[in-house]
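Counting starts at 1 for both ligands and their atoms, in listed order. Here the structure is a predicted model, which means the values were calculated and not measured.
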Amino acid sequence: MSELALALVLSPDEQIARSRVEISSIDDKLLTLLNLRQDHARRIGEAKRASGACVYQPGREREIVAALGERSTELLSPAHVRTIWSAIFDASRSVQEERVVAFLGPRGTYTEEAMFAHFGCAARALACESVDAVFAAVTGGRARYGVVPVENSTEGTIVRTLDLVLDTTVSVIGDVVLPIAHCLLSKDAGLADITCVAGHAQALAQCRRWLDACLPAAERRAVSSNAHAAQLAAQTPALAAIANRRAADHYGLAVIAPDIQDEQINSTRFWVIAKPRAARQDDERTLLCLELDNRAGALNSVLEPLAERHIAVTRIDSRPLKTELWAYRFFLEVACHPQHADLLDALQVMRDAARSVTVLGSCATQPESRHANHA
Ligand SMILES: C=C(O[C@@H]1C=C(C(=O)O)C=C[C@H]1O)C(=O)O
């Protein structure tokens with residue numbers, strides 16, 4: 001009897017039972033195939049170790065997903081293919097190396113969310129108490145990668161991160177942008193009972209207008225992270241924390257007001273750091289540090305070689321030199337691969353005009369804003 005004819009004679013319960021037997025047998029085959037795939041990934045991992053190649057190759061992953069996406073059907077959309085293969089890639093990368101990733105903790109920070117967005121759940125997370133501690137974990141070899149916040153769309157640069165990248169030997173190897181939706185969290189108090197609001201200084205600043213309007217009399221207490229604020233809120237009834245829903249779940253708090261950030265497009269960029277390594281083929285942005293003489297036209301003389309070669313400067317920031325009054329070093333992000341002939345050419349000219357030019361790292365395509373997973 002054909003499947004169609006059979007479906008007509010089976011009761012709903014019989015149909016479910018029959019299809020479940022089929023699904024179990026398909027799952028069995030999928031598992032066997034996935035194990036086979038993992039075995040090849042392991043071999044690739046060994047070969048990469050022998051040749052010094054990088055485990056994570058986003059270009060190859062994108063190719064695979066694009067090719068599979070083209071064969072998607074009404075029953076399995078390209079979005080489903082992307083989600084399924086993203087988990088498969090996580091598993092595959094995890095047999096190629098153990099990725100300990102240090103992040104600005106404790107559990108429940110936005111940085112933890114960024115870490116999961118970049119590495120998936122295959123990473124072994126190492127929570128650190130400060131941005132400095134994340135850098136120390138990477139330079140000291142306790143973690144292969146680190147994730148730290150570097151820039152917020154409302155409040156600007158997190159200068160400690162920038163200074164550490166400029167002052168240590170670690171490289172930037174990628175970035176993640178997350179939309180930041182702040183919530184006011186409390187153990188069980190209502191808005192009227194709150195006498196103190198704790199949060200990272202950046203978060204307090206990003207919610208200034210809301211706090212002025214809704215909690216004008218409450219003390220604002222800056223603490224080391226939003227997740228630490230959530231820990232305090234779990235212990236102190238009249239203290240509320242600014243943090244995300246992940247922190248609410250983790251510390252057993254209730255959301256007394258969602259989306260309290262002043263700017264709804266509020267987003268934070270996080271850097272993924274590691275010990276220096278060769279740039280990946282699909283890196284499209286290069287990060288530079290320029291130390292210049294304190295003279296008229298110095299900045300112009302290093303920007304011109306880039307403009308002449310049509311290399312866009314996508315970010316520029318200045319930091320005090322610290323060893324000399326009112327002298328600065330400049331952090332630049334340019335839209336070009338670090339090994340591209342035009343950039344190498346420009347760098348040579350820039351080196352003649354500057355005290356020093358250092359390549360700090362490179363990132364792949366500009367990350368799209370991802371929607372924070374509040375599940
Ligand atoms: C297996 C590889 O390593 C990683 C995992 C991939 C995969 O599982 O298909 C693809 C690219 C890499 O990020 C590879 O380089 O082919």
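The pair D345-R309 meets the salt-bridge criterion, with a side-chain N (NZ, NE, NH1 or NH2) lying under 4.0 Å from an Asp/Glu carboxylate O. By the 4.0 Å N-to-carboxylate-O rule, E61 lies close enough to R93 to be salt-bridged with it. Between D27 and K29, no side-chain nitrogen of the basic residue sits less than 4.0 Å from a carboxylate oxygen of the acidic one, so the salt-bridge criterion is not met.
Sorted by chain and number, the residues within 4.0 Å of ligand 1 by heavy atom are R37, I44, K48, V55, Y56, Q57, R60, E61, I64, F89, S92, R93, Q96.
Partners of E291 under the salt bridge (charged side-chain N to carboxylate O under 4.0 Å, His left out) rule, at least two apart in sequence or in another chain, do not exist in this structure.
A pairwise comparison of heavy atoms in V100 and R142 identifies CG1-O, 3.5 Å as the closest pair. The heavy-atom pair separating N226 from I242 by the smallest distance is CB-O, 3.2 Å.
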